[in-house]
Amino acid sequence: MTTLMVGGALLLLMMMLLGSGVWIAMTLALCGWVGQAFFTTTEPGKNLFSAFWESNASWELAALPLFIWMGEILFRSKLSEEMFEGLAPWLNRIPGRLMHTTILGCGIFGSVSGSSAATCATISKVALPELMKRGYDEKMALGSLATAGTLGILIPPSITMVVYAVAADASIIRIFLAGFLPGLLLMALFSGYIGWWSLANKHKMPPAEAPISFAEKLRRSRNLIPCGALIVFIVWVLISGFATATECAAYGVVGALALALWSRSLSWQNFKDGVFGAARTSCMIMFILAGAAFLTKTMAFTGIPRELAEWVSSMHLSPYALIAVLVGVYLVMGTALDGISMIVLTSAVVMPMIQKAGFDLVWFGIFIVLLVEIAEVTPPVGFNLFVLQNMTGKDSNTIAKAAIPFFACLVVCIVLITLFPSIVTLLPDLVMGKEK
């Protein structure tokens with residue numbers, strides 16, 4: 001059996017297990033076990049334990065449960081409700097109104113967390129209940145949260161960017177700077193679609209609030225101060241270099257608890273429910289990460305990613321044809337691998353091809369990150385789909401369908417940076433000068 005046939009068999013097995021209702025993490029681990037037991041000479045038992053340990057024994061990953069706990073505190077202490085009360089008057093005249101908070105929230109929080117899963121889980125916990133309570137369309141809310149959550153790996157700092165910079169021997173600072181303008185472009189595309197959809201589907205939007213005076217808007221804006229101050233503080237300590245992302249998450253939890261105490265909305269029951277809720281969500285995400293790490297080991301042992309990359313290399317394509325084929329290859333790999341694994345397993349073959357075709361490695365880094373974002377919302381292993389599925393009880397295919405229009409926005413962003421590469425390279429060149 002050829003390597004690509006092995007990949008097809010494992011993908012079919014994964015679809016069957018997911019379709020039969022097997023837990024997501026168990027499905028990933030079982031596919032990894034079958035792949036190693038039947039198609040390699042390695043011992044799957046040893047690799048299973050090492051994959052589970054390596055994927056979760058991480059200082060950086062400690063930020064995940066902390067950020068999720070912060071979101072639980074804001075949600076259960078009604079601070080998030082007050083924040084929406086403060087935003088509503090200012091967004092009342094904008095098409096889409098409070099739906100834009102999902103995009104803005106994910107963009108701001110993504111710049112702090114650097115994690116797609118943490119961004120999606122935290123903003124969903126805060127925004128989704130408020131949007132549903134106010135009568136906004138659930139399908140649009142789910143689709144926007146699934147895709148906007150991926151901004152956590154595009155807007156610096158980003159672990160995926162660091163991994164790419166090491167693999168490509170490129171400047172981490174240049175790649176960080178290169179992510180800002182595409183991140184803003186993607187946020188504009190998401191918000192633009194929300195505005196267009198709300199104008200085309202006015203019957204699905206809740207009625208606008210009655211116009212109020214400017215003085216009343218300012219009075220209600222006082223509700224923005226607590227959460228706004230917390231977000232500004234977290235961003236400031238990170239940018240100033242005072243704290244790492246994980247330490248920022250800890251500050252966020254302490255700050256959220258202090259605000260909840262100050263507002264007298266924190267009770268012992270709220271505190272206990274918040275801890276249990278954060279523990280459940282964090283364990284779910286980490287279990288899925290462990291299963292994905294084991295499947296990634298299987299992919300490495302079978303050589304499927306390397307064979308795909310070598311197949312592309314053997315075609316001797318023109319530069320833009322090469323980019324088009326790489327899009328397809330990475331999208332296929334994204335159905336079974338996480339973004340970091342996609343980069344690590346293919347970099348040795350893909351990087352020389354990219355350099356030979358004349359593409360800038362910093363530009364290609366952002367290109368890859370956008371493809372990783374697409375992988376986060378692509379079934380059957382779209383990680384953000386799993387996060388929302390476990391948080392809302394909705395089927396992952398339902399969430400994937402809701403995300404299709406925003407998926408198209410990601411594709412448009414890739415096309416734009418390909419046609420106009422200066423969107424990526426402008427900021428690094430202005431700040432650090434052009435590379436020689």
Side-chain angles (χ1 to χ4, degrees), residues 2-5 7-8 11 150 153-154 160-161 163-171 174-175 177-183 185-186 189 299-300 302-378 404 407-429 433-436:
T2 66
T3 303
L4 294 181
M5 289 175 66
L11 183 60
T150 63
I153 58 175
L154 178 61
T160 305
M161 287 183 176
V163 171
Y164 172 82
V166 173
D169 193 23
S171 166
R174 291 189 77 91
I175 292 175
L177 289 170
F180 283 108
L181 291 182
L185 171 63
L186 192 55
L189 289 171
M299 291 294 175
T302 57
I304 293 170
R306 184 182 64 254
E307 185 141 330
L308 276 172
E310 289 174 351
W311 171 69
V312 173
S313 181
S314 67
M315 297 171 70
H316 305 292
L317 300 167
S318 66
Y320 285 104
L322 172 65
I323 288 297
V325 171
L326 284 176
V327 168
V329 168
Y330 278 109
L331 288 182
V332 169
M333 287 194 291
T335 62
L337 292 174
D338 65 277
I340 290 176
S341 302
M342 286 162 56
I343 294 169
V344 171
L345 295 175
T346 61
S347 60
V349 179
V350 171
M351 296 305 168
M353 287 193 293
I354 289 298
Q355 288 181 300
K356 186 177 179 181
F359 290 104
D360 183 84
L361 285 180
V362 171
W363 174 87
F364 188 69
I366 302 305
F367 175 83
I368 285 287
V369 169
L370 284 168
L371 290 176
V372 170
E373 288 193 69
I374 288 178
E376 297 280 0
V377 289
T378 304
I404 287 174
F407 181 101
C409 291
L410 282 163
V411 174
V412 169
C413 190
I414 288 176
V415 171
L416 288 174
I417 70 162
T418 303
L419 295 177
F420 307 102
S422 59
I423 296 173
V424 174
T425 58
L426 177 63
L427 195 56
D429 288 347
K434 290 189 177 182
E435 286 187 306
K436 296 181 180 178

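- With contacts defined as side-chain heavy-atom distances shorter than 4.5 Å, the pair Pro421/Asp360 does not qualify.
- Side-chain contact check for Arg174 versus Asp429: some heavy-atom pair is nearer than 4.5 Å.
- Annotation: side-chain contact (heavy atoms from CB on, under 4.5 Å) contacts of Leu426 (sequence neighbours excluded): Leu181, Leu430.
- The heavy-atom pair separating Val362 from Ala178 by the smallest distance is CG1-CB, 3.6 Å.
- The heavy-atom pair separating Gly183 from Leu154 by the smallest distance is CA-CD2, 3.6 Å.
- In this structure, the separation between CD1 on Ile323 and CZ on Phe359 is 4.0 Å, given to the nearest 0.5 Å.
- Judged as a ring-ring contact (aromatic ring centres under 6.0 Å, His included), and not counting sequence neighbours, the contacts of Phe367 are Trp363, Phe364.
- Contact between Pro182 and Val424 at its shortest, heavy atoms only, is CG-CG2, 3.9 Å.
- Counting heavy atoms from C-beta on, the side chains of Leu371 and Leu410 never come closer than 4.5 Å.
- Partners of Ala324 under the side-chain contact (heavy atoms from CB on, under 4.5 Å) rule, at least two apart in sequence or in another chain, do not exist in this structure.
- With rounding to the nearest 0.5 angstrom, the CD1 atom of Ile417 is 11.0 Å from the OG atom of Ser422.
- At least one side-chain heavy atom of Ile374 sits less than 4.5 Å from a side-chain heavy atom of Ile414.
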Exercise. Could you walk me through whether Leu370 and Leu186 pass the side chain to side chain contact (heavy atoms under 4.5 Å, CB included) check?
Worked result: CA-CA 10 Å; Leu370 284 168; Leu186 192 55; 4.2 Å; yes
